[in-house]
Asker: 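One structure follows; several queries about it will come next.
Below, chain A is the first sequence line, B the second, and so on; all start at residue 1.
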Amino acid sequence: MGHFEATHELDVMIEENGYDDHFHDHHHGDKYQSNFIHHYIFSMDHKIIARQFLITGIFWALIGAAMSIVFRLQLGFPEESLAWLQPLLGKWIVVSEAGIGKLAPEFYYALVTMHGTIIVFFVLTAGLSGTFSNLLIPLQLGARDMASPFLNMLSYWFFFLSSVVMFYSLFLNTGPFAGGWTAYPPLSALPQASSGSGAGMTLWLVSLTFFVVSVLLGGINYVTTVLNLRTKGMSLWRMPLTIWAFFVTAILGILSFPVLVSGFFMLMCDRGLGTSFFLSEIFIEGQALDYIGGSPILYQHLFWFLGHPEVYIIILPAMGLTSEVLSVHARKPIFGYRAMVYSIMAIGFLSFIVWAHHMFMSGVNPFISNFFVVFTLIIAVPSAVKVFNWITTLYGGNIKLNTPMLFAIGFVSMFISGGLTGIFLGNSAIDIQMHDTYFVVAHFHIVMGVAAFFGMFAGVYHWYPKMFGRFMNETLGKLHFWGTMIGAYAIFWPMHYIGMAGVPRRYYSFDTFDSFAHFGDLNKFITIAAIIVFAIQVVFVINFFVSIWKGKKMTTRNPWGATTLEWTTPIDTGHGNWPGKLPIVHRWAYDYNKDERDFVTQITPLAEGETPGDH
Amino acid sequence: MTLNSNNRSRIHPQKFALWLAMGSILMMFMAFTSAYFVKQATGSWVEYRLPNMFYLNSAIILLSSLTLHISYKSFVGGQEGKYKWLLVISFVLGIAFLAGQYLAWSQLFEMGIDLKGNASGAFLYLITGVHALHIFGGLAAIFVALIRAFTWDYKVTDKRKNRFEMTLQYWHFVDILWIYLFILLLFTK
Ligand code: HEM
Ligand SMILES: [Cu+2]
């Protein structure tokens with residue numbers, strides 16, 4: 001381990017100041033690293049598991065994004081023939097006698113549904129928090145690994161299983177589920193309701209149930225590790241904001257995903273056992289079904305009780321990564337560290353009492369709506385605190401505009417733009433016009449979709465050297481950033497206008513609405529922008545994979561000059577993370593530009609008479 | 001476990017993880033019971049009498065918690081014989097509870113309450129059914145403890161103590177969960 005660098009000053013510091021937990025005494029002939037299968041496949045090392053989550057996430061991101069291109073083609077160019085897609089999509093492209101190929105409407109819905117499900121759960125939940133919680137929690141806290149490396153491995157493999165089931169459902173003869181990522185009944189509860197409601201929905205439920213198991217195993221592990229395995233001196237108030245974010249994210253997951261499972265169980269009963277939880281009297285093809293007295297709204301409550309915390313499960317890790325990257329590359333302590341932590345907690349708490357803002361138009365009692373309006377708008381307060389602190393961190397900083405930093409700044413921009421439209425939607429009266437229009441689509445894509453991707457990109461570019469020992473290409477990185485930043489606004493900004501005009505989301509075609517005809521060109525524009533942005537993501541993927549083997553080698557341990565513990569491990573970080581003793585922490589994580597020093601690592605003891613940076 | 005050599009609290013991380021898991025199970029039942037209340041408030045709700053078996057089963061599960069608790073105390077206190085036979089009794093009582101629940105469902109069914117009818121009945125089966133699954137998990141843990149008790153030499157180590165404590169806490173948890181669910185169903189049907 002660490003064979004390139006003879007004795008490194010950081011090692012010396014850890015040997016002198018660290019403490020011996022006798023970790024290496026017990027691990028002769030490490031079983032973790034013994035062969036390929038144990039090392040790379042059924043690995044229990046958190047660093048490998050992090051990479052597994054990331055690469056699976058990238059795989060899904062490509063599929064999810066490609067799906068959006070197909071349905072955008074239909075929306076932007078409804079007249080053009082899609083016959084050229086037939087080799088890929090087969091019978092879902094219906095070719096008329098004149099040779100014009102059309103996307104089958106059922107499949108349009110299936111694509112929209114799968115796009116949402118895949119991006120929300122597989123990419124932005126598993127791929128984001130799975131990757132970075134695994135990588136950073138033990139490394140930044142000075143732990144040898146997670147509390148239970150075994151459960152951690154299971155967490156990945158449940159995600160994998162869930163992925164396999166969902167992937168398989170894409171190839172069903174009747175198609176995957178097509179009732180929207182929120183899976184509202186009756187489309188989700190009646191197997192005969194649409195072509196995707198049968199086998200497609202069954203596999204959707206199975207897949208997401210495995211997914212929840214994965215989230216719970218992971219989350220329980222993260223929380224336990226944070227509370228029990230911090231190294232000496234790492235008090236809660238010295239933890240980097242990344243860890244605070246992952247910690248609260250994990251708690252949200254543990255408390256909200258089980259509620260979704262309850263809803264799933266009830267759906268399964270309605271589908272298989274003939275119960276009427278969510279189904280009331282329904283006629284299909286002139287025939288009355290047996291169901292009586294169920295309530296589809298009940299499902300919406302259960303879904304959104306998870307669903308709203310879920311959007312914060314997605315954004316909090318991105319916020320944590322952004323805070324860290326902004327501070328490192330602005331060479332300044334994060335502004336308002338404690339306010340940041342309290343904001344994370346406030347957001348986490350409030351996220352449980354706003355869910356019905358997704359249901360203003362479902363016929364809930366308007367007085368109850370008022371309650372949810374108030375709490376929804378209050379969430380804007382801690383969100384604004386965070387935005388203010390990020391901007392203030394940048395102010396007067398010695399800003400290094402490299403790719404991770406650009407994405408972190410891009411995150412802040414997206415979060416502001418998308419957060420503001422949330423405040424419109426949070427007013428139940430305005431939501432009468434906006435609900436289920438492209439305005440909502442624009443809102444959540446900017447604030448959640450693009451922002452979370454930006455946080456993730458910032459994290460990938462920043463910690464890539466930690467993961468692979470090499471850097472990604474900067475030029476391609478910058479191209480990736482500017483293309484995505486401009487392109488994403490080009491896609492989603494116009495959608496606000498379309499939405500304000502009342503154009504509903506999830507429609508296959510608008511040719512029967514004369515009043516929307518003049519949006520045809522705008523829709524073309526959006527589609528073209530989406531294709532360009534997709535192409536630029538391919539650049540990222542190529543850069544990512546090629547750099548694993550060809551990237552510029554990392555020659556020093558701490559290339560960014562960061563203070564946190566993960567950069568004190570050898571370049572080639574082995575199992576157990578630190579080759580000898582464990583580091584002891586003496587200060588908070590943000591001592592940048594302190595007392596004439598550019599940065600001071602957390603393991604550096606306070607000098608005589610020095611005031612701590614977070615006094 | 002060497003990984004835990006820098007453990008910060010006196011609580012074993014595994015035990016801590018178990019508590020988190022119990023919190024998560026609790027949330028699932030909170031969701032069921034909240035859905036139950038919401039559905040009830042929307043009307044079209046058929047009232048029914050709870051089967052008598054539920055009373056007996058509640059007594060059985062409470063008793064099993066007690067026997068398992070004493071078994072643990074005996075284990076720690078060096079009373080090998082008492083520890084073993086109380087463990088057996090706890091296991092048998094657990095099985096008896098499950099069998100009793102099955103009888104209770106049959107009683108319900110005979111009263112004409114089935115899954116396809118009114119949601120009030122379906123909720124009853126759902127909530128008690130999912131609870132039974134969790135009892136099943138607890139029984140599996142007790143079963144493992146049983147095998148160890150009769151195949152390993154009796155020795156009180158920290159590791160075994162911790163494992164027993166975890167089994168015990170989970171068992172108390174599903175027990176209290178049942179009492180909570182039962183009281184709730186009793187007063188709100
Ligand atoms: C200031 C903060 C925010 C407010 C006030 C807010 C408010 C709302 C409201 C009222 C809706 C429902 C609109 C409708 O369906 O008619 C909504 C939708 C949504 N919001 Fe936000 N939001 C905020 C921030 C966020 C954040 C930070 C995220 C994610 C990271 C997010 C993700 C979503 C998603 C995914 C949906 C749509 C779900 C769907 O219907 O498919 N929002 N938001
Ligand atoms: Cu929400």
Asker: If contact means a heavy atom pair closer than 4.5 Å, which residues of residues 20-33 of chain B contact chain A?
Answerer: B:Leu20, B:Ala21, B:Ser24, B:Met27, B:Met28, B:Ala31, B:Phe32
Asker: Take atom CG in A:Asn365; do more than 12 heavy atoms of anything else shown fall under 6.0 Å from it?
Answerer: yes
Asker: Please name the pair of heavy atoms, one in A:Thr275 and one in B:Ala122, separated by the smallest distance, quoted to 0.1 Å.
Answerer: CG2-CB, 3.8 Å
Asker: Do other residues, nucleotides or ligands put more than 12 heavy atoms under 6.0 Å from A:Phe349 CZ?
Answerer: no
Asker: Surrounding CG of A:Asp290 (heavy atoms of other residues, nucleotides or ligands, distance under 6.0 Å), is the total greater than 12?
Answerer: no
Asker: Mind listing the closest non-hydrogen atom pair of A:Ser276 and B:Ala119 along with its distance?
Answerer: O-CB, 4.4 Å
Asker: Return the minimal non-hydrogen interatomic distance between B:Ala35 and A:Leu302, and the atom names on each side.
Answerer: CB-CD1, 4.4 Å
Asker: With rounding to the nearest 0.5 Å, note down the distance linking CG in A:Leu227 to CZ in B:Phe16.
Answerer: 4.5 Å
Asker: Measure A:Phe305 against the heavy atoms of chain B and call it side chain, backbone, both or neither at under 4.5 Å.
Answerer: side chain
Asker: Please classify the contact between A:Ile220 and chain B as side chain, backbone, both or neither, with a heavy-atom cut-off of under 4.5 Å.
Answerer: both
Asker: Just how far is it from atom NZ of B:Lys116 to atom CG of A:Leu273, taken to the nearest 0.5 Å?
Answerer: 8.5 Å
Asker: For A:Leu255, is it the side chain, the backbone, both or neither that has a heavy atom under 4.5 Å from a heavy atom of chain B?
Answerer: both
Asker: Got more than 12 heavy atoms from elsewhere within 6.0 Å of OH, B:Tyr154?
Answerer: yes
Asker: What part of A:Leu216 gets closer than 4.5 Å to chain B, counting heavy atoms only: side chain, backbone, both or neither?
Answerer: side chain
Asker: Other residues, nucleotides and ligands only: do more than 12 of their heavy atoms fall within 6.0 Å of NZ on B:Lys159?
Answerer: no
Asker: At a heavy-atom separation under 4.5 Å, does A:Val261 approach chain B through its side chain, its backbone, both, or neither?
Answerer: side chain
Asker: Taking 4.5 Å as the heavy-atom cut-off, does anything in residues 125-152 of chain B contact chain A, and if so which residues?
Answerer: B:Leu126, B:Val130
